[in-house]
There are 2 protein chains.
Amino acid sequence: MGCCMSRKKKNNGVAKSKLSNPSIKNEGTEFPLSEILAPSRLQQNSSGNEDDSLSLSTVLSCRSTSCPIKPNGGIGDQYKKPLLLMGMSTQDQEEKQKVGQEDAIYSPPQPPESFPYYITAPIENLHKKLYEDLFKLLTDEGLFFNSKKGRSHSPFEFKSPNELKNEIDFELGNAGVNHDALLEIVRGVVRFQPRPGHPFNMEQSLAGLEPYTCISGLISTCISSNDKYIVSNVLALLESEMIQAICKLVGYNGFGNGDGAIVNGSILANTYAMKMAVRRKFPLMKRKGLAGCKRPVVFVSTASVYIHRKCAIFQGLGTDSIIPVDIDEFGRMNVEDLEEKIKDCLSLKRDLIPCMVVGTAGTNIFRALDPLDKIANVCKRFELWFHVDGTWDGGALLFSETLRDKLIGLQRSDSFAWSQHFVLSCTCTCLVTPPRHKDKLAQFTNLGDDTGNAFMEPPLYDQEYDDARHNTLMSPERAEMLKFWLMWKAKGTNDLGRHVDYVYKNVAYCLEEMRKRGGFNRILDRFDGTNVCFVYVPTAYRGLVPNSEAYCEKVSKLTLQLARSLLVQGIVSLSYSEIPKKPTFLILSLHNSAVSRQDIQYVLDQIKHYGEKFGSVQ
Amino acid sequence: MGCCMSRKKKNNGVAKSKLSNPSIKNEGTEFPLSEILAPSRLQQNSSGNEDDSLSLSTVLSCRSTSCPIKPNGGIGDQYKKPLLLMGMSTQDQEEKQKVGQEDAIYSPPQPPESFPYYITAPIENLHKKLYEDLFKLLTDEGLFFNSKKGRSHSPFEFKSPNELKNEIDFELGNAGVNHDALLEIVRGVVRFQPRPGHPFNMEQSLAGLEPYTCISGLISTCISSNDKYIVSNVLALLESEMIQAICKLVGYNGFGNGDGAIVNGSILANTYAMKMAVRRKFPLMKRKGLAGCKRPVVFVSTASVYIHRKCAIFQGLGTDSIIPVDIDEFGRMNVEDLEEKIKDCLSLKRDLIPCMVVGTAGTNIFRALDPLDKIANVCKRFELWFHVDGTWDGGALLFSETLRDKLIGLQRSDSFAWSQHFVLSCTCTCLVTPPRHKDKLAQFTNLGDDTGNAFMEPPLYDQEYDDARHNTLMSPERAEMLKFWLMWKAKGTNDLGRHVDYVYKNVAYCLEEMRKRGGFNRILDRFDGTNVCFVYVPTAYRGLVPNSEAYCEKVSKLTLQLARSLLVQGIVSLSYSEIPKKPTFLILSLHNSAVSRQDIQYVLDQIKHYGEKFGSVQ
């Protein structure tokens, strides 16, 4: 990578002469700097032919040579001082090199011969070997678990906290450690953390390690910056592209583009949506807060109430503001109950202001899909904000040609929170809104004139791509976004869809294999997602009445024993959970496409084997 | 890394027989599982001799062999099936290997010969080469900018948005791209993003790229998980150690340990603090929210009001709840004005409830340090929560023996938000509270019994280390925390202190060099931090009355021109800002210890050179 860029644009000389923006005067001292530095506006004014369009560097090298800053009064010579030039014409570069030796005062100084250990920049001769060793350690031992060698590792060498403290030196003290010691510490970290790439990690938050997501963590370390375009230019454009691509996939069509933000996790994404919804009914909220107001309320299915209560705490609504709506036998919102509860809030005049309904596309645990189209109808009738929470991963279905229809109604929503932590094993979370709500996010989050920010920055360039940073109260999570963008870029919508199709087929296969084996009792009759929830009922327990007290007690105990034993022996890591009136149950999360049918058979055989074994002795 | 761990604990057979916890019965079917699986409690009951203490795996292998689960009724043979065993005794392992060939049904299946491109796990023969190529690309071109070669790059090849779209193919479509194309895309990302490791990146949010922070991004990609101990064991212990180390450094001494959480960015850290403070005066807030309440108010210096207004929006207080307090000529909070404003709120009975005062340890831009000890006195008198916002980096001073005293009074605070984004170039943000507020964070964030969470998980192990995850409303940011922990581990408190001392000396050196050169006018007479704020006044402007309208207009225009020209030419990337009644000014952020005195001279010479040049033609 040389210090001067390869130039796509030809014919800079011609472009210069086409500088036709009337606000730019080639002579004189007074001209609006911001106009000169708004390249996209300049380009709109140029002929539109790519080869002829003006680049920022063209304009700026123009400014430095033929604009008012053109050397005159004897400063022409000084202009030729050697500099680290960028974006200059080849002629400029040659000139720079020619005079490079003449006057060294403006050359950057040579780096010191050595740097101290406390340095805050990576130094080749200090750190490169450590980086190489760590990279080798990770690629040898931490990343690949699908080779024969990889499968000889267990998915998780589980240690209790006190055991682990004996294995890894966690303590932070006055003295640092050298690189050999650091390497050993990282070896321990890699060894004793669960290994998400391992196919037998079927725990819901561990299964799968998307390969492009994974490597983007390395890339973002050397570029990470989360702020305005001028310090995060590439990532700002990635973010913009990704938000538009999601809006398109959702079906948010209309005049102009949708809007959105990359945020850190599902709680924040859903909190922002709730903010927009409440603000529609309480327009002064940003300045006045909720003190002294009536209570805004939000309707959510009982299966999703937990996360939205957290959102309500976050924004000062309080958990009482979340009204749980009943679910049906498959875990989906009951729309009749929703209607009744909205009417109830409106009629009783309890100082409650209904603001929003959340439709969940993939609930926690059961991954149930609420009937989005019906909810959209209710929201339209009562003029409520319709938010879809896809952070438990229903959104992955959008990639699949065959499964996309399960989300019918999503395109009618006012906002959509999307995360692919589960089905695509990618942790990036995004909130998008349709074109009709363009700027809604920014209206709420951007302090704009309300700021009282003592420190304003006059623009150095066109600020179109700074808009997105006003869509969150924090810095945008652009490094996170690189994960998702890189995955999507590598695989394309088509391959992401093939992955989704594959893992849904695995679920069907697993359920069929359970049926064949016997003793595997599902918790629901039908699963909308990739979590299979079940208990194993060993032969010895089959005389018990299903879901009776004795049955629940015995099966629950067995479930825990199975989960623990399979984990600690390193056979398979899986989740378990409980709901009222059912025994504690196991969850196989089957969203990793590295899991084969043989793997599913193996895991079911292990569960059956230990289930029978533990069942026979209790 | 073999599949079985090297065992530190000797004499497992003896340990087994010492299983003396009275709640565990070696015979019979009824025993409390949770007792068996709380290893630290078990260990407390053992003799305390490390070699004799019971490990979780010992207990569990005991359970599998001589506890109720001991094979009987003919199941003994089945127990010998070959398994991926972990945490078993050597004897068990040998037995396992002996019978390994006998019965293959329980061996994990072989991986498929090939995997599809859409796979959600890193596969050695699919992805290893890409990873190696990317690693080489980054180490060759993206990380090291302190060698001679590195310095021939500019700190930032700035491109306008439209130019950049011609350089990098951002579009997401149906078809994916192959690894060669992906490598080229990443090459563009690395090339056109600003390079934070470059010593001439003196922009405030770009300067410095801490080497251990940087590499931890790679490590965390293959282990990242942010939840309970059972899926994030190593990181949970790191988090606990780091929070304690910070509490100790702050001086939060007392009975027991302090508490805290790793959070995502300064807005969240300060929001959590505000939540705790408001909740002290409004105990029902978590359930009832703020609807119908009086208005809580918070006092912040005018220099820091921006970020705390954002926090207020976040939690439904509204920006009106933030009361700005005047600052002195060095940018620090005026404590007399603070007292007056508190009294004013209390006396006027305007339905305002003072809740908290924020002392800022390092304000935005000027990095001023508020008089923390005096603020602590005021808070004590009026019974207000005293929060210190160190997210703009004042906290780094704690590492320095010589500079630590500048933070006197911090140890009296009720909460402290700490980030080292600037002075230590490490982005991890942490909120800590002293021992007297142990559990305050959790009380506010943990839904506990209020949850209505349908899905509860009975404990599989001692849950002490799950506490921290209840301290945030989101998942804890443990991958972030790895950055800070690894840096601290490598450098130790001592070297972190040396870094801080070095960069503060650089600031003094820079100010002295400015004085020698002339024309460099500081914005404040004294700087508490590593940002040097100044304007360059060229010879041609020196007749103007300082801070007159004409002066401000001319100097402001020159400042923008300098910032832009130095950036776009690739000489140095720096920040600029403005405040009322002063010209727009430049900011040199000198917190990167890779910057030498010669580098400072070079940058000042460049500023002077271009300042004179641009000044002479306007």
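We use all heavy atoms of the structure for the numbers below, so side chains are in, but hydrogens, waters and symmetry mates are not. Proteins come first, then strands; the chains are lettered A, B, ... in the order of their sequence lines, and each starts at number 1.
Heavy atoms of A:Leu143 lying under 4.5 Å from chain B belong to its backbone as well as its side chain. Using a 4.5 Å cut-off between heavy atoms, B:Ile185 touches chain A through its side chain atoms alone. Contacts of A:Phe115 with chain B are made by side-chain atoms alone, with heavy-atom separations under 4.5 Å and no backbone atom involved. Within the 4.5 angstrom heavy-atom criterion, atoms from both the backbone and the side chain of A:Val189 approach chain B. Only the side chain of A:Leu182 comes within less than 4.5 Å of a heavy atom of chain B; its backbone N, CA, C and O stay farther away. Only the side chain of B:Val186 comes within less than 4.5 Å of a heavy atom of chain A; its backbone N, CA, C and O stay farther away. Using a 4.5 Å cut-off between heavy atoms, B:Ala490 contacts chain A through both its backbone and its side chain.
If you tally non-hydrogen atom pairs under 4.5 Å between each of B:Gly217, B:Pro122, B:Pro112 and chain A, the highest count goes to B:Pro122. In terms of non-hydrogen atom pairs under 4.5 Å with chain A, the most contact-rich of B:Gly176, B:Ala175, B:Gly208 is B:Gly176. Per-residue heavy-atom pair counts under 4.5 Å with chain A were compared for B:Arg498, B:Lys489, B:His127, and the maximum is reached by B:Lys489. Between chain A and the options B:His499, B:Gln598, B:Glu210, heavy-atom pairs under 4.5 Å are most frequent for B:His499. Here B:Asn174 is the residue among B:Val177, B:Asn494, B:Asn174 with the most heavy-atom pairs under 4.5 Å with chain A.
Here the shortest heavy-atom pairing between B:Gly173 and A:Trp488 reads O-NE1, 4.0 Å. Smallest separation of non-hydrogen atoms from B:Ile119 and A:Pro211: O-CD, 3.4 Å. A:Thr120 approaches B:Ala594 most closely through the heavy-atom pair OG1-N, 4.3 Å.
Considering only residues two or more places apart in sequence or on other chains, B:Asp320 meets the side chain to side chain donor-acceptor pair (under 3.5 Å) condition with A:Arg287, A:Lys288. Residues that satisfy the salt bridge (Lys or Arg N to Asp or Glu O under 4.0 Å) test with A:Lys128, not counting sequence neighbours, are A:Glu124.
Rounding to the nearest 0.5 Å gives a distance of 10.5 Å between CG of A:Asn233 and CD of B:Glu163. In this structure, the separation between CE on A:Met285 and OG1 on B:Thr319 is 11.0 Å, given to the nearest 0.5 Å. The structure places CD1 of B:Ile215 at 9.5 Å from CZ of A:Phe135, a figure rounded to the nearest 0.5 Å. Here CG of A:Asp495 is found 8.0 Å from OH of B:Tyr117. Values are rounded to the nearest 0.5 Å. Of the inter-residue distances, the one linking A:Leu172 atom CG with B:Lys491 atom NZ reads 14.0 Å to the nearest 0.5 angstrom. Interatomic distance, B:Cys214 SG to A:Leu218 CG, rounded to the nearest 0.5 Å: 8.0 Å.
In this structure, B:Leu496 and A:Tyr118 have side chains that are not in contact, with every pair of non-hydrogen atoms separated by 4.5 Å or more.
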